[in-house]
2 protein chains.
Amino acid sequence: MTKAQEIAYDLREQIRSGRLTPGMALPSESKMMSQYGYSRETIRAGVRLLIEEGLVVAGQGQGKYIREDYPPVVWNWTTLESRSRHANAVEGRTAGDQWASAIAENGNAPRQEISVSIVVPPPHVRERLGLPADGLAVARKRVRYIDNRPYALADSYFPQELVSGTPLMEPRDVSAPGGVLASVGLVQTKYVDEISVRMPTHQEAEQLGLPAATPVAEHTRTGYDADDRPLRCMVTILPGDRHKILYEVSTD
Amino acid sequence: MTKAQEIAYDLREQIRSGRLTPGMALPSESKMMSQYGYSRETIRAGVRLLIEEGLVVAGQGQGKYIREDYPPVVWNWTTLESRSRHANAVEGRTAGDQWASAIAENGNAPRQEISVSIVVPPPHVRERLGLPADGLAVARKRVRYIDNRPYALADSYFPQELVSGTPLMEPRDVSAPGGVLASVGLVQTKYVDEISVRMPTHQEAEQLGLPAATPVAEHTRTGYDADDRPLRCMVTILPGDRHKILYEVSTD
C-alpha cells in the first residue's frame, strides 16, 4: 500500500464507520499533513483516490466534502413502462403517465419537462426501430424530476408513421390505463432491455447536475408487437447516485 | 464554453469521427499548445475532462491515450443463471457452468478462478438470504476471464444449511443440466435482480485491471423457491467497458 492509499483507506474507514458523514467537509490539508505526517502532495494524492471512487466531491474553491447521496429511487423495470402488468396497477386512473404514477405512489412529487420533435434518430435507435437511413421518428424527450431534483433523462422514439396525428405528438403527459402505446392502438407484447454503464457525457452531467465521478446507466428498452414489429425505443439515462434498477422475473 | 471545454469538444469530435482511434496517443501538450494557442494548463484541463469521461486514459509517465475498449460481451440475464430456461438450452451437456457455456457458444474461451469458503456474509447479502445476524453462508467467489482477460467478479452465497455436504462446497465448476441449484435438489422459481451503478472500489479495480474512470454495475440476483424461500444471492461486478446487460421479457 502506498502512502496515498493508506490515507484513502483511513478516510474510507471513517466514512464507513460514520465518523465522517455525508455533506461533512474533509479535514484541511494542513490538518491532515500534521495528522498523518505526510507531505501536502501525498495528502492530495490520497484525497484524489477518494474523488475518483466517488466518495468525496470537490466543492467550490479548495473544499472537499463527503458525497451526499440523493434519496435513492428504485425503478422496477418489469412493471414500469410495460403494457400488460401496469394496466392492472392503474386500472381506472387517468392522471399522469406510468413513471409519474409510480413515483407519486411512493409519496414523492414527480414532474416532467417534455419536448416533442420529429427527428432523424441516432443510429442505434434507428437500427432498433428498423428504420431506413432517412427514416423519421417522433421523439418525446423528457427530463424527469423528483421533488424538484433532476433524476433522469428519458427519450422515447416512435416510428413516425405509427404515431402521426395521435396525442403522442403533443408535448404533455400522455395518460392511458394501458400505457402510451395502447392509447394509440398499439399493443406491446415483448420488450428487450439493454443496459450499458459508462461515464456521463458533458451535456448529460449538466442537465442532471451530476457531481464528478458519477457514472450513469444507459437503459434502452425496445418494445415489439405480436408480429415482432418494433413500436418504440426508449433511452433512459439513470445516474448511479440516485437510482437502483429492479427486475422481478418468474422462471416458470 | 470555457477554453478547456472547447479543447475537450474538439478532441471528442476527433474520436467520434475516427481521426483519433482507440489505443492512439493524444498529441503532445506542446503540440496542442501551438495548435490551439492556449497555455499548458488549459490544455491539461481540457484533457482532464476527457479522462473524467473515460474517453482518454493516462498511460505510464506523461502519455495519454484514447481508451481501448474490451470486446464487449452481452450477458442475457433472462436466460443466464436462471433455472428453467437454461435447462432447455444445455440439455444433454455436462461440461462447464451456465456462464461458461454461454461464453463458449459465442466462440470465446471462458475460465474461472473459484474459491469456496464458509463466511459471515456481507449485511446486504445476509438480509436477502433471510439469515440471522450470526448466520453462515457458503460463498463461491469467482473471477471470470474471457480469452484470459478479467471480465467480472461473481460471488454466490448459499445458506449453509441448504448446501452443506453437496458438490457446491467444492472449488470447481459445478455442471448440471438444470443449473447449480437443481444439482443439489433446489428449484428456483423466481428471481429478483437489483442493479446499482457506481465507481469500483480500489480492490475491484485491481482484481479486474480497470483503467481510471471505469464504472461498474453491481448486479445482485436473489433466487427463491416456490415457497418464497431465498436459495441463493449472487453478486456480480460488471465493468462498464466490457459488458452490456440484456433482458428479454414477454409482457403476455
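In this text the structure is predicted, and so the values were computed from the model without any measurement. In what follows, every chain begins at residue 1, and chains take the letters A, B, ... in the order their sequences are listed.
For the pair P200(A) and E53(B), the minimum side-chain heavy-atom distance is 4.5 Å or more. Taking 4.5 Å as the limit, some side-chain heavy atom of L246(B) sits within range of a side-chain heavy atom of V192(A). Using a 4.5 Å cut-off on side-chain heavy atoms (C-beta onward), T78(A) and Y247(B) make no contact. Residues H202(B) and Q5(A) have side chains in contact (heavy-atom distance under 4.5 Å, counting atoms from C-beta outward). Side-chain contact between I195(A) and I195(B): present, with at least one pair of heavy atoms (C-beta onward) separated by less than 4.5 Å. Under the 4.5 Å side-chain criterion, counting only non-hydrogen atoms from C-beta, M199(A) is in contact with M199(B).
Heavy-atom neighbours of Y36(B) OH from other residues, nucleotides or ligands within 6.0 Å: above the threshold of 12. Atom CD of E6(B) has more than 12 heavy atoms from other residues, nucleotides or ligands within 6.0 Å. In the displayed structure, Y38(A) atom OH is contacted under 6.0 Å by more than 12 heavy atoms of other residues, nucleotides or ligands.
The choice from D193(A), T222(A), T201(A), L55(A) that makes the most heavy-atom pairs within less than 4.5 Å of chain B is D193(A).
Put simply, NZ on K244(B) and OG on S196(A) are 4.5 Å apart, with the number rounded to the nearest 0.5 Å.
When heavy atoms are compared at a cutoff of 4.5 Å, V74(B) does not approach chain A at all. At a 4.5 Å heavy-atom cutoff, the contact between A217(B) and chain A is made by backbone and side-chain atoms alike. Neither the backbone nor the side chain of E218(B) comes within contact range of chain A; no heavy atoms are under 4.5 Å apart. If you measure heavy-atom distances from H219(B) to chain A, you find no contacts under 4.5 Å at all. Interface remark: E52(A) contributes backbone atoms only to the contact with chain B (heavy atom separation under 4.5 Å).
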